[in-house]
Every structure is written in structure tokens, then in C-alpha cells.
Amino acid sequence: MSAVNNVLNISSYLFVPLPDADVLQPRLLERALERGLKGTILLAEEGINLFLAGPAEAVRGFIAALKEEDARFAPLEPKESWSDSQPFRKMLVKVKREIIRMDHPAIRPAGGRAPAVDPLTLRRWLEAGHDDEGRPVVTLDTRNAFEVDHGTFEGAIDWRIDKFTQFPPALREHKAELAGKTVVSFCTGGIRCEKAAILMREEGLEHVYQLEGGILKYFELTDGAHYQGGCFVFDERRVLETDLSANPARDAAAGS
């Protein structure tokens with residue numbers, strides 16, 4: 001970490017029943033503000049999704065206190081990166097219908113996750129061109145088209161969706177193309193690809209995995225092999241390179 005990169009950025013999510021989301025909202029906002037944090041926390045009946053930035057002690061202290069005070073949040077495992085300035089302008093805590101909107105109410109990830117593949121295993125599979133049982137491996141990008149344009153895995157399937165609610169109909173249109181293959185869904189931090197993997201299994205696809213921790217965890221744990229470009233993030237850093245450093249210039253190039 002560079003000496004000037006003293007702002008810790010974290011992202012994390014957890015599918016866990018939160019029927020008291022309305023009660024949690026003011027409490028979490030107050031505690032985040034007390035620690036001088038900025039970012040966004042989304043709460044819904046299905047779980048929590050958060051993006052926070054600030055001094056490392058404050059950010060990690062907020063997460064530690066959250067886990068200690070409410071056992072439901074104990075499994076949270078934030079992904080960390082660093083920046084030389086605060087990438088968020090304010091601190092928001094919002095209650096939503098879904099922490100990531102899919103408009104598919106039957107999806108309840110808290111009832112059981114889709115199988116996950118860790119980044120090191122995916123890298124090995126992509127190097128070999130098949131999984132451990134010899135099936136061809138395909139990666140499926142579940143992000144919006146403009147995010148994909150900043151970077152994605154080599155040869156990834158991209159259905160050019162404009163919003164995540166378009167994923168279910170796109171899957172039904174293209175499902176036959178995935179038959180007999182090992183499909184690894186991926187996204188920025190894991191939340192969309194987890195929902196996508198659950199839906200694909202519900203739709204009858206047998207060999208489906210989510211990339212554990214998404215692209216950001218892949219960058220953190222591997223050398224970024226088999227990934228081309230950067231990863232778009234929804235804060236002022238805009239695009240992260242495979243070493244998790246910010247590269248706004250790549251954002252400008254993708255938009256040209």
C-alpha cells in the first residue's frame with residue numbers, strides 16, 4: 001500500500017432475513033456518522049449491501065461492532081482496497097425492497113446459496129479450459145453492459161443487459177446455449193452473480209457456480225490472469241485495475 005493511500009474502501013453484502021430493516025436504518029446511519037464514514041448501506045428484508053470508506057480503524061471498527069452487536073452479521077467478509085482520497089460524498093443508509101433488484105421474488109438466497117468457486121480455482125480452470133471433471137467452463141458476466149465495456153474475463157458471455165432486472169428474461173432466451181457446460185457467473189463483488197446463480201439452478205442448469213467475492217476478490221487473490229481491462233465501481237474511483245488501484249483514465253477511454 002502506498003503511503004498516500006490511507007483511505008480504506010470496503011464492500012460487502014450478506015443475504016440474511018432482516019424484517020427489522022426500518023429499525024436498523026437510523027441506528028446504522030448514526031454509528032457510521034459517528035465514525036466519520038461515507039458511503040452507502042442498503043437494507044432490505046433479504047439482507048444488507050454496503051460500500052464504506054474512511055480511516056482504516058474507523059471502517060474496521062464499524063464492521064467489528066456490527067458483527068459483535070448483531071449475530072446475524074457475523075458472516076460479513078468485506079473486500080478491501082485503498083485510495084488516496086474519499087471516493088464518496090456523503091453517508092447514506094437506505095431501506096429497499098431488494099438489496100439488488102432482480103424483480104424475481106422467489107429468489108431467497110438466505111435459504112441456501114448456490115455453489116461457489118473461489119478465485120484461485122477459477123483461475124486454474126480458465127488456464128486449463130475445463131473444470132476438474134473435464135467439462136468446458138464458461139464465464140457469464142451478470143453486470144450491465146456499460147460496466148462490461150470497462151473490462152471482463154476473456155471470452156465471457158455478455159448478454160448486453162442494461163439493468164439486472166433484464167437478467168431473468170435474458171437467461172430464458174439463452175439457456176440452451178449453457179447446457180452441458182460449467183457456468184461461472186460473476187459480477188463486481190458477488191451479490192448479482194449469487195442471485196443469478198440461484199436463478200440458473202432454479203431454471204434447471206445443473207453445473208452452475210458463482211465466483212466467490214466477484215471480480216474484486218479475484219483481483220485480490222490472483223494476478224488477474226484471463227481478465228482484460230479494469231473493473232467499474234460505483235464511486236469516484238470509477239475503474240480499478242487488477243492490482244486494485246484506481247484508473248479514471250480507463251473510464252474515460254471506455255466512454256469515448
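This chain uses plain numbering: 1 for the first residue, then up along the sequence.
Residues in residues 48-61 take part in these salt bridge (Lys or Arg N to Asp or Glu O under 4.0 Å) pairs, two or more places apart or across chains: R60-E80. Identified under the ring-ring contact (aromatic ring centres under 6.0 Å, His included) test for residues 176-196, with sequence neighbours left out: F153-F186. Among residues at least two apart or in separate chains, salt bridge (Lys or Arg N to Asp or Glu O under 4.0 Å) pairs with a member in residues 173-186 are K175-E203. Residue pairs satisfying the ring-ring contact (aromatic ring centres under 6.0 Å, His included) criterion with at least one member in residues 37-59, sequence neighbours excluded, are absent. Every pair passing salt bridge (Lys or Arg N to Asp or Glu O under 4.0 Å) that includes a residue from residues 85-95 is listed here, sequence neighbours excluded: R89-E236.
Cluster membership check: L50 does not share its hydrophobic cluster with V23, using side-chain heavy-atom separations under 4.5 Å among Ile, Leu, Val, Met, Phe, Trp and Tyr. Hydrophobic clustering, with ILVMFWY side chains joined whenever heavy atoms are under 4.5 angstrom apart, groups I100 together with L171.
Looking only at distances, no side-chain donor or acceptor of E194 sits under 3.5 Å from a matching main-chain atom of I198. Counting only distance, with no hydrogens or angles, the side chain of K96 and the backbone of L43 share no donor-acceptor pair below 3.5 Å. Put simply, the side chain of S185 gets close to the backbone of C193: a donor and an acceptor are under 3.5 Å apart. Without hydrogens or angle criteria, N144 side chain to E147 main chain gives no donor-acceptor distance under 3.5 Å. Side-chain atoms of T222 come within 3.5 Å of backbone N or O of Y218 as a donor-acceptor pair. A donor-acceptor pair is defined here as one N or O able to donate and one able to accept, closer than 3.5 Å; no such pair exists between the side chain of Y227 and the backbone of E154. Checked by atom type and distance alone, the side chain of Q86 pairs as donor or acceptor with a backbone atom of F88 at under 3.5 Å.
Contact annotation: the side chain of P87 approaches that of V7 to within less than 4.5 Å [non-hydrogen atoms, C-beta and beyond]. Side-chain atoms of L140 and M200, non-hydrogen and from C-beta on, do get closer than 4.5 Å to each other. Within the 4.5 Å cutoff, side-chain heavy atoms of I41 are placed close to those of M91.
Taking the ring pair (Phe, Tyr, Trp, His ring centres under 6.0 Å) definition, one finds that F167 meets it with W159, F164, sequence neighbours left out. K217 pairs by the side-chain contact (heavy atoms from CB on, under 4.5 Å) definition with K79, P119, E220, L221, not counting sequence neighbours. In this structure R201 satisfies the side-chain contact (heavy atoms from CB on, under 4.5 Å) test together with A114, P115, V208, sequence neighbours excluded. F62 is linked by a ring pair (Phe, Tyr, Trp, His ring centres under 6.0 Å) to nothing, counting only residues two or more places apart in sequence or in another chain. In terms of the ring pair (Phe, Tyr, Trp, His ring centres under 6.0 Å) criterion, H130 has no residue partners (sequence neighbours excluded). For D22, the side-chain contact (heavy atoms from CB on, under 4.5 Å) test picks out V95, with sequence neighbours left out.
Alongside L120, the hydrophobic cluster contains no other residue (criterion: ILVMFWY side chains under 4.5 Å).
Between I191 and the choices N49, L14, T142, the side chain to side chain contact (heavy atoms under 4.5 Å, CB included) rule is met once, by N49. The side chain to side chain donor-acceptor pair (under 3.5 Å) test with D103 singles out one residue from R97, K163, Q166, and that residue is R97.
H150 and F232 have tilted rings, their planes meeting at an angle from 30° to 60° on a 0 to 90° scale.
For the atom pair L66 CG and E68 CD, the distance stands at 10.5 Å (nearest 0.5 Å). Here the CG atom belonging to L211 is positioned 8.0 Å from the SG atom belonging to C187, to the nearest 0.5 angstrom.
Of the charged side-chain nitrogens involved, at least one lies within less than 4.0 Å of a carboxylate oxygen, so that E46 and K195 count as a salt-bridged pair. For the pair D158 and R143, the salt-bridge criterion is not met [side-chain N within less than 4.0 Å of a carboxylate O]. Ion pairing between a basic and an acidic side chain is recognised when a charged N comes within 4.0 Å of a carboxylate O; D20 and R72 show such pairing.
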Carefully, step by step, assess H207 and R135 under the rule side-chain hydrogen bond (donor to acceptor under 3.5 Å, both in side chains). CA-CA 9 Å; H207 306 293; R135 276 187 299 273; 3.2 Å; yes
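For the residue pair R237 / S245, no side-chain donor-acceptor distance below 3.5 Å is found, with atom types taken as modelled.
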